[in-house]
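Residue numbering restarts at 1 for every chain, and letters A, B, ... go by the order of the sequence lines.
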Amino acid sequence: MRWSQAFIPTLRDDPADSEAVSHKLLVRGGYVRQLMSGIYSMLPLGQRVRDKVMAIIREEMNAINGQEFLLPNLHPREIWDRTGRTVSFAEVLMTFDDNKGSPVVLSPTHEEIFATVAGELTSYKQLPQMWYHIQTKFRDEPRPKSGLLRVREFTMKDSYSFDIDEAGLDVQFDNHRNAYLRIFERLGITAVPVAASSGAMGGKESVEFMMQSDIGEDSVVHCANCGYAANREKATSAIPDVDDPPESGALEVFDTPGVRTIADLEVFEGGAVADRQIKTLVYVLDGEFALLLLRGDHALEEQKVQDGTGASEVRPAHEEEIRALLGADAGSLGAVGVDGIPVYADHALSGRSSMTTGANENDKHIRNVDVARDIAVTKWLDLRSVEDGEGCPNCGEPLNLFKAIEVGHIFKLGTFYAEPLGVNVLDEHGKTVPIVMGSYGIGVERNMAASIEANHDDKGIVWPLEIAPFAVVITVIRPDDAATMDTAEALYANLWGRGVEVLLDDRDERPGVKFNDAELIGIPYRVTVGPRGIAEGMCEVVDRRTGESTEIAIDSAADEIAGLLGV
RNA sequence: CGGGCUGUGGCGCAGCUUGGCAGCGCGCCUGCUUUGGGAGCAGGAGGUCGUCAGUUCAAAUCUGACCAGCCCGACCA
């Protein structure tokens with residue numbers, strides 16, 4: 001491609017509405033343009049990279065016996081009703097009626113449709129199968145952000161495995177885990193597999209691939225010693241026990257005027273330190289009230305409420321609801337003597353005595369609470385959010401807490417979809433059994449952006465060679481000089497002849513403009529051809545990543561560059 | 001959905017307080033000079049000032065409604 005004829009609209013200034021580095025560079029480098037919130041056009045450079053990312057994914061999927069499909073994006077809503085996901089995906093599901101008045105959805109993912117096709121599987125002899133496609137997804141995210149990292153229309157490779165039993169699923173799951181790690185390596189992304197919550201996908205076990213980044217939206221805990229890693233939504237930790245007096249005295253209500261918070265009660269005369277208080281939260285779980293109890297110094301992890309209780313809709317109760325339910329305001333709540341409302345308590349409260357909590361009367365608290373004696377706990381759950389530096393649940397060493405971008409997610413679905421959709425086969429005993437499924441997702445554009453987050457410097461993008469839109473840019477210093485241009489053209493033709501993707505910067509621009517643009521868009525190798533070098537029979541090759549510059553003879557330039565690229 | 005901010009040429013912004021010719025930098029076009037790290041001079045093109053309504057002799061500027069975008073939170077594979 002000749003740059004003079006290419007549409008590469010680079011910008012000198014950062015766009016005003018971007019924060020994330022990858023967003024700024026994708027826009028400035030002429031890779032993408034925004035059409036509306038969370039919806040982007042891929043410009044030619046962006047499309048080239050997208051293609052390469054997809055090619056890598058396709059290769060790795062084919063290598064683990066994947067068969068490529070292309071499933072539709074417009075689905076009858078009825079099939080989503082059957083798996084209950086019209087409800088669990090409600091907020092992000094784009095749905096409307098077609099012209100005949102039939103309800104349809106724009107697909108946010110394809111479990112239902114792949115499972116439907118899998119209905120044609122009839123015998124265990126046909127299993128295992130591994131199917132995938134690379135397709136557009138629509139998710140009406142309430143808050144798109146950070147350029148391509150969180151959007152409403154995007155491309156995802158999603159694969160689905162079909163097995164006769166859990167053992168087969170385990171094999172496919174492992175295959176994917178390994179394939180994903182190879183993909184991320186090729187994309188220049190360091191991703192850690194972590195245990196995660198399955199959320200709205202259904203199923204049991206899931207593993208997310210996390211790339212550490214300050215702009216990430218997830219929090220991950222990781223143990224450098226033993227390798228334990230988990231999403232904070234699911235992570236646990238070892239924390240030291242608190243010493244309580246051996247026995248609680250009699251319950252005692254006492255006045256606490258103006259005390260509304262854990263911190264207030266800590267400094268209040270006759271109060272209690274945070275880890276000897278019980279924090280009582282009122283939540284609404286699928287429309288029903290529930291009390292959540294935590295140690296005073298612990299924070300609630302909402303996803304754990306969902307996972308532990310099976311509720312799909314979880315929200316804090318409103319002020320008025322709390323007052324009507326318990327007769328007091330948040331800050332004076334407690335579970336002592338409460339019945340008729342489910343009480344979910346965090347494990348850290350188990351066996352605790354002489355605790356202090358609210359009395360369900362404003363300005364009053366209760367001391368000497370013995371959890372086992374005084375509170376009717378419906379169910380003990382892990383509800384607590386892990387904090388940085390707490391002990392690893394496996395080895396006890398301090399945990400690291402960091403922010404991360406979710407670059408891939410794989411799920412063991414089990415029979416979550418097969419059962420409601422009736423996807424069964426006959427097993428070797430002639431018995432009808434549901435197929436055991438897995439699903440495995442990786443976002444194409446999100447990974448493009450993540451790769452930039454991980455591979456850039458103050459001048460621009462530093463693409464890994466394998467996904468760069470071009471491998472080489474030939475920067476012609478004086479395109480109006482015939483000898484220079486002829487030399488550049490010859491090198492350009494030679495490299496293309498070897499299958500090297502080359503961009504020829506033949507624009508009538510100052511050298512500085514060309515160098516800066518080449519660095520901004522992140523081409524791995526720049527070859528500078530100018531009259532000064534030609535006079536000595538030399539040209540210059542610069543490595544984008546290291547900045548290292550090498551003078552090479554023009555006569556052997558094509559060979560040397562091909563050698564650098566390994567072609 | 002709650003809170004904050006912003007919509008003025010392709011990009012970045014000023015002008016709005018106090019209503020009165022729509023501006024600046026970059027980019028773009030033409031010409032000349034220049035050319036190994038974002039050139040100089042000269043000439044030029046390009047904007048229903050987010051939309052609609054209102055106030056006014058007069059609205060980018062004041063008022064209202066709406067729309068869009070960004071940030072924080074909620075939410076989220």
Practice item. Identify the nucleotide, in any strand shown, that forms a Watson-Crick or G-U wobble pair with B/rC13, with both distances under 3.5 Å; if there is none, say none. Key: B/rG23
Review point. Mapping A/K459 and A/H23 to their closest nucleotides on RNA chain B, which lands nearer the 5' end?
Key: A/K459
Do any N or O atoms of the protein come closer than 3.5 Å to N or O atoms of nucleotides 1-12 of chain B, and which pairs are they?
from   : atom 1 : to    : atom 2 : distance (Å)
B/rG12 : OP1    : A/A16 : N      : 3.0

Point to revise | Test log, rule side-chain contact (heavy atoms from CB on, under 4.5 Å), inputs A/K157 and A/M61 | key: CA-CA 9 Å; A/K157 184 289 300 177; A/M61 289 298 103; 3.5 Å; yes
**Study point:** Pair partner, B/rU35 [Watson-Crick or wobble, under 3.5 Å]
**Key:** none
**Study point:** Partner nucleotide, any strand, of B/rC1 [Watson-Crick/G-U, under 3.5 Å]
**Key:** B/rG73
Anything under 3.5 Å between a protein N or O and an N or O of nucleotides 32-35 of chain B, put it in a table, one pair a line.
from   : atom 1 : to     : atom 2 : distance (Å)
B/rU34 : O2     : A/R510 : NH2    : 2.8
B/rU35 : O4'    : A/R510 : NH2    : 3.2
B/rU35 : O4     : A/D480 : OD2    : 3.3

Practice item. Write down the distance between NZ (A/K145) and C1' (B/rA74), rounded to a whole number of angstrom. Key: 12 Å
Practice item. Give none if B/rU30 has no partner; otherwise give the nucleotide forming a Watson-Crick or G-U wobble pair with it, both distances under 3.5 Å. Key: B/rA42
Point to revise | Distance under 6.0 Å and angle within 45° of ring axis: A/K137 vs A/F154 | key: no
Review point. Roughly how many Å is it from CD in A/E302 to P in B/rG73, rounded to a whole number?
Key: 14 Å
Sequence neighbours excluded and cut-off under 3.5 Å, please list the side-chain donor-acceptor pairs for residues 5-12 of chain A, or say none.
from  : atom 1 : to     : atom 2 : distance (Å)
A/T10 : OG1    : A/D517 : OD1    : 3.1

Practice item. Decide whether a cation-pi geometry holds between A/R526 and A/F515; the criteria are a distance under 6.0 Å from NZ or CZ to the six-membered ring centre and an angle within 45° of the ring axis. Key: yes
Check your understanding: Can a donor-acceptor pair be found between the side chains of A/E453 and A/S213 at a distance below 3.5 Å?
Key -> no
**Study point:** A/D218 CG to B/rA74 P, straight-line distance once rounded to whole Å
**Key:** 13 Å
Review point. Looking across every strand, which nucleic acid part, if any, lies under 4.0 Å from A/M156 by heavy atom: base, sugar-phosphate, or nothing?
Key: base
Check your understanding: Hey, does the side chain of A/S37 come within less than 4.0 Å of B/rC70's phosphate (OP1/OP2), counting only N and O?
Key -> yes
Point to revise | Residue-level proximity of residues 518-532 of chain A to RNA chain B when a heavy atom falls under 4.0 Å | key: A/E519, A/R526, A/T528, A/G530, A/R532
Review point. Is the closest basic N to carboxylate O distance between A/D480 and A/R478 below 4.0 Å?
Key: yes
Check your understanding: For A/Y160, what residues pass the ring-ring contact (aromatic ring centres under 6.0 Å, His included) criterion, not counting sequence neighbours?
Key -> A/F114
Study note, to complete from the structure: Separation of B/rG69 atom C1' from A/R33 atom CZ, nearest Å, is 16 Å
Review point. ring-ring contact (aromatic ring centres under 6.0 Å, His included) with A/H176: which residues, sequence neighbours excluded?
Key: A/Y440
Exercise for review: Could you check whether A/G443 gets within reach of a base, just the sugar-phosphate, or nothing at all, counting any heavy atom under 4.0 Å?
Suggested key: nothing
Point to revise | Spacing between A/E141 atom CD and B/rA74 atom P, to the nearest angstrom | key: 15 Å
Review point. Across all strands, who's sitting opposite B/rG64 as a Watson-Crick or G-U wobble pair, both distances under 3.5 Å?
Key: B/rC52
Exercise for review: Check whether any side-chain nitrogen or oxygen of A/Q34 sits under 4.0 Å from OP1 or OP2 of B/rA68, and answer yes or no.
Suggested key: no
